Amino acid sequence: MAVVGLVALSHHPSPAPGSPADPRTGCEKAGAGDFCAAVAGLSKALRSPVLPLPRPDILPPPTTPGAIDARVTQANIDRTICVPGYARSARPAYSVTGPLKRRMMDAVHPGEPMANYELDHLIPISIGGAPLDPRDLWLQARRGQANAGDKNVLAYVIWRLVCKHRVPLETAQQAISHDWTRAYAIYATPANVAEYHFRHGE
């Protein structure tokens with residue numbers, strides 16, 4: 001799938017504060033535990049924003065268009081995905097995902113270490129992605145630009161924006177499933193990454 005080059009995010013203009021397009025709000029407490037691993041690279045993202053290279057594995061294959069959990073809707077996000085611990089509780093056990101990842105690795109990246117790739121939900125569970133639908137699962141590189149760590153940063157920031165009711169659930173789902181690198185450029189701006197970062201002890 002062709003990837004349109006993006007300008008460096010450090011030069012990507014943020015919406016004017018207070019404008020309808022500005023998704024930022026005051027920093028509030030985040031539920032501890034759900035996204036500790038996902039946001040470990042937030043400070044790094046500020047220094048090294050995503051600049052996708054023209055390689056084929058930045059975006060998932062056409063067989064992975066994304067899939068949503070129909071039980072999660074805009075009307076119930078405050079009782080589902082925005083409840084601390086939701087994503088962890090909805091995520092399939094490793095006893096299920098481990099063998100699945102191995103089969104996918106053997107088919108797509110035979111001979112390569114499993115640690116080089118993350119079994120990623122294209123639409124994150126945290127914003128209503130389907131936990132075990134094969135249309136939402138792909139192997140994403142953990143190294144290089146536009147890698148799994150970068151996408152995890154986007155997943156955390158956009159989850160916060162959805163749960164702050166600043167970005168509609170469906171808009172977030174469509175943006176990530178269509179082209180997560182474009183979604184990163186729109187939502188994981190340096191300002192949003194700084195404002196919605198995770199602080200231990202809060």
Side-chain angles (χ1 to χ4, degrees), residues 6 9-50 66-91 118 120-131 136 140 146 148-202:
L6 299 178
L9 296 188
S10 59
H11 297 99
H12 187 282
S14 298
S19 70
D22 180 17
R24 294 173 293 170
T25 62
C27 188
E28 294 187 3
K29 295 181 181 179
D34 288 347
F35 293 92
C36 288
V39 300
L42 287 175
S43 60
K44 178 182 177 182
L46 287 172
R47 300 190 300 272
S48 304
V50 172
I68 62 172
D69 184 343
R71 297 171 296 180
V72 177
T73 67
Q74 182 67 51
N76 69 19
I77 60 172
D78 293 323
R79 302 189 304 276
T80 54
I81 61 172
C82 297
V83 175
Y86 171 86
R88 188 191 311 117
S89 66
R91 186 171 293 112
E118 181 171 309
D120 179 68
H121 289 84
L122 178 58
I123 300 175
I125 294 175
S126 59
I127 59 168
D136 202 44
Q140 185 175 26
D150 296 318
K151 186 170 179 291
N152 288 340
V153 170
L154 168 64
Y156 179 77
V157 171
I158 207 165
W159 169 71
R160 293 293 307 277
L161 293 170
V162 168
C163 289
K164 294 287 291 181
H165 296 262
R166 300 308 301 266
V167 174
L169 177 65
E170 185 176 357
T171 298
Q173 293 170 339
Q174 290 181 349
I176 287 183
S177 62
H178 179 67
D179 184 335
W180 77 266
T181 64
R182 287 181 178 272
Y184 189 109
I186 294 169
Y187 298 109
T189 61
N192 281 345
V193 169
E195 187 159 357
Y196 291 105
H197 70 290
F198 182 89
R199 288 192 181 99
H200 289 283
E202 288 195 338

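Keep in mind that this is a model prediction, so the values were computed, not measured.
T189 contributes atom OG1, which lies 9.5 Å from atom OH of Y184 (distance to the nearest 0.5 angstrom). In this structure, SG on C163 lies 5.0 Å from CD1 on I81, to the nearest 0.5 angstrom. With rounding to the nearest 0.5 angstrom, the CD1 atom of I186 is 9.5 Å from the OG1 atom of T181. Taken to the nearest 0.5 Å, the CG atom of L154 stands 7.0 Å off from the CH2 atom of W180.
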Under 3.5 Å, which donor-acceptor pairs do the side chains of residues 168-175 form with other protein atoms, sequence neighbours left out?
| unit_1 | atom_1 | unit_2 | atom_2 | d |
| --- | --- | --- | --- | --- |
| E170 | OE2 | Q174 | NE2 | 3.1 |
| Q173 | NE2 | I127 | O | 2.8 |

**Request:** List the steps and the verdict of side chain to side chain contact (heavy atoms under 4.5 Å, CB included) for N192 and R160.
**Result:** CA-CA 10 Å; N192 281 345; R160 293 293 307 277; over 6 Å; no
**Request:** Test Q140 against L122 for side chain to side chain contact (heavy atoms under 4.5 Å, CB included), laying out the working first.
**Result:** CA-CA 9 Å; Q140 185 175 26; L122 178 58; over 6 Å; no
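Among all heavy-atom pairs drawn from P124 and A155, the shortest one is CG-CB, 3.7 Å. The two atoms that bring A188 and V157 nearest to each other are CA-CG1, 4.5 Å, heavy atoms only.
A donor-acceptor contact shorter than 3.5 Å is absent between the side chain of D136 and the backbone of H121.
In this pair, Y156 and W159 present their aromatic rings tilted. The plane angle is within the 30 to 60° band.
For R71, the side-chain hydrogen bond (donor to acceptor under 3.5 Å, both in side chains) criterion is met by D69, not counting sequence neighbours.
Contact annotation: the side chain of V72 approaches that of Y86 to within less than 4.5 Å [non-hydrogen atoms, C-beta and beyond].
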